[in-house]
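This is a predicted model, so every value here is computed, not measured. The first residue in the sequence is number 1, and the count goes up from there. Basis for what follows: all heavy atoms, side chains included, without hydrogens, waters or symmetry-related copies.
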Amino acid sequence: MATTRIGLDQLPPAARAAVEEHTGPLLAVEESTEGFNSEIAARVTSASGTWHIKGLRTDHPRAWTQRREATIAPFLTNLAPALRWRVETAGWELLGFEALNGHHANYAPGSPDLPEVATLLRRLGETPCPDIELRRAEQRLEHYAAHPDDLHYFAGTHLLHTDLNDANVLVNAHAPQGDRAHLVDWAWATRGAAWLDAGYWTIWLIAAGHTPTSAEDWAAEIPAWHTAPPEGITAFAAANDNIWSEISTTDPDPWTLRLATAADAWHAHRGTG
């Protein structure tokens, strides 16, 4: 369920002042319509720079997602925007990230963004998982796996993003080739099997118009994909079919229904492919 978004000007004066201690007086504020987890999301500019600000009330049920992003940020060099500052005051926690230029990734067949996203996921696969508290993939999927014995396929020690929504991938076409894509929104960072992010990407690719075969061909661009046993991939497809069926039933709208259709198509393909 999406979190209700408010404008930066609705913050308590003390929280706004704490932000401006880092930025200086704000000259421009562009509220974001993307994302679901933050109450505050805006790109702000002052005389000294530009930042992307995310914020939640400290008593918000999802306040843990904000803390997770702040904790993991130092370990995401060359993967995500850098965290420049963090403030907690007047009942709010606010994170100031490096503001990246670019567009949300286009996952459609033939998109020039696809090789850049594949390169990004390869970089992620080479990034050590930090020794911080993270949920485990087998925990997150335990209520959705078709069989309890399937959960061992998802366990591992690798750092995962797990939310490959195209809105979470920013692509700067003017950056050097092979270094154009970055991942934002690490609230659902997880520890698990190295190939799972390629699997999560597969569902979003199908939702963007790929056939299951084409989507798996792109997943195969990620070396970790080749470490996955075929039965493990099939088990993962089944679990995600259950996840998206639940989400689309609980919160039906065009995008959740589109993902549910994609997950179902992939599960059907794995059953016959």
Side-chain angles (χ1 to χ4, degrees), residues 1-3 35-38 56 60-73 75-76 79-80 120-121 124-125 127-169 183-207 215 219 222 224-225 227-251 255-256 258-264 266-267 270:
M1 183 178 296
T3 297
F36 303 99
N37 291 322
S38 299
L56 279 171
H60 192 281
R62 291 184 182 168
W64 66 268
T65 64
Q66 188 100 333
R67 295 190 294 271
R68 173 69 44 76
E69 287 206 71
T71 301
I72 201 169
F75 302 97
L76 302 177
L79 293 172
L120 171 64
L121 293 180
L124 174 54
T127 301
C129 189
D131 185 19
I132 62 174
E133 182 182 356
L134 293 172
R135 291 194 71 189
R136 301 194 306 272
E138 66 272 24
Q139 286 178 315
R140 289 184 55 188
L141 294 168
E142 66 180 331
H143 298 301
Y144 302 100
H147 307 286
D149 290 346
D150 289 344
L151 294 175
H152 78 278
Y153 293 123
F154 315 140
T157 60
H158 292 263
L159 175 62
L160 305 170
H161 183 278
T162 76
D163 187 3
L164 273 293
N165 184 337
D166 49 289
N168 286 338
V169 182
L183 273 166
V184 302
D185 197 349
W186 284 80
W188 295 96
T190 297
R191 183 178 285 109
W195 56 271
L196 293 186
D197 270 334
Y200 283 115
W201 191 32
T202 296
I203 299 167
W204 285 93
L205 290 171
I206 296 170
I222 318 305
W225 183 254
T227 69
E231 58 271 24
I233 297 174
T234 299
F236 185 69
N240 278 277
D241 192 10
N242 290 332
I243 288 171
W244 283 106
S245 175
E246 179 181 280
I247 292 172
S248 64
T249 299
T250 303
D251 191 18
W255 83 268
T256 59
R258 180 168 57 92
L259 268 294
T261 299
D264 188 60
W266 190 31
H267 183 201
R270 294 301 305 181

Nearest non-hydrogen partners of [X] and [Y], listed with the distance:
| X | Y | value |
| --- | --- | --- |
| Ala260 | Ser248 | CB-OG, 3.5 Å |
| Arg191 | Leu160 | C-CD1, 4.3 Å |
| Ala167 | Val184 | O-CG2, 4.1 Å |
| Ala198 | Trp225 | CB-CE3, 3.7 Å |
| Ala238 | Ala146 | CB-CB, 4.4 Å |
| Thr162 | Asp197 | N-OD1, 2.8 Å |

[X] side chain near [Y] side chain, heavy-atom distance below 4.5 Å:
| X | Y | value |
| --- | --- | --- |
| Ile233 | Trp266 | yes |
| Ile243 | Asn240 | yes |
| Leu183 | Leu79 | no |
| Glu133 | Thr71 | no |
| Leu164 | Ile203 | no |
| Ile132 | Phe75 | yes |
| Cys129 | Leu134 | yes |
| Glu246 | Tyr144 | yes |

Going by atom types only, do [X] and [Y] share a side-chain donor-acceptor pair under 3.5 Å?
| X | Y | answer |
| --- | --- | --- |
| Glu138 | Tyr153 | no |
| Thr190 | Arg140 | yes |
| Arg62 | Ser38 | no |

Checking Tyr200 now: which residues fulfil side-chain hydrogen bond (donor to acceptor under 3.5 Å, both in side chains) with it, not counting sequence neighbours?
none

Just to verify, what does Arg68 make a salt bridge (charged side-chain N to carboxylate O under 4.0 Å, His left out) with, not counting sequence neighbours?
none

Can you tell me how far the [atom1] atom of [X] sits from the [atom2] atom of [Y], to the nearest 0.5 Å?
| X | Y | atom1 | atom2 | value |
| --- | --- | --- | --- | --- |
| His147 | Asp150 | NE2 | CG | 6.0 Å |
| Thr234 | Arg270 | OG1 | CZ | 3.5 Å |
| Thr256 | Trp244 | OG1 | CH2 | 7.5 Å |
| Leu159 | Ile72 | CG | CD1 | 4.5 Å |

Check whether any side-chain N or O of Arg135 sits under 3.5 Å from a backbone N or O of Trp188 as a donor-acceptor pair, and report yes or no.
no

Between Arg136 (side chain) and Thr157 (backbone), is there a donor-acceptor pair under 3.5 Å?
no

Is the centre of the His161 ring less than 6.0 Å from the centre of the Trp186 ring?
yes

Parallel, tilted or perpendicular, judged at 30° and 60°: which one describes the rings of Trp255 and Trp204?
parallel

Could you go through the side chain to side chain contact (heavy atoms under 4.5 Å, CB included) check for Phe236 and Leu141 one step at a time?
CA-CA 9 Å; Phe236 185 69; Leu141 294 168; 4.0 Å; yes

Working for side chain to side chain contact (heavy atoms under 4.5 Å, CB included), residues Phe154 and Leu196:
CA-CA 7 Å; Phe154 315 140; Leu196 293 186; 4.1 Å; yes

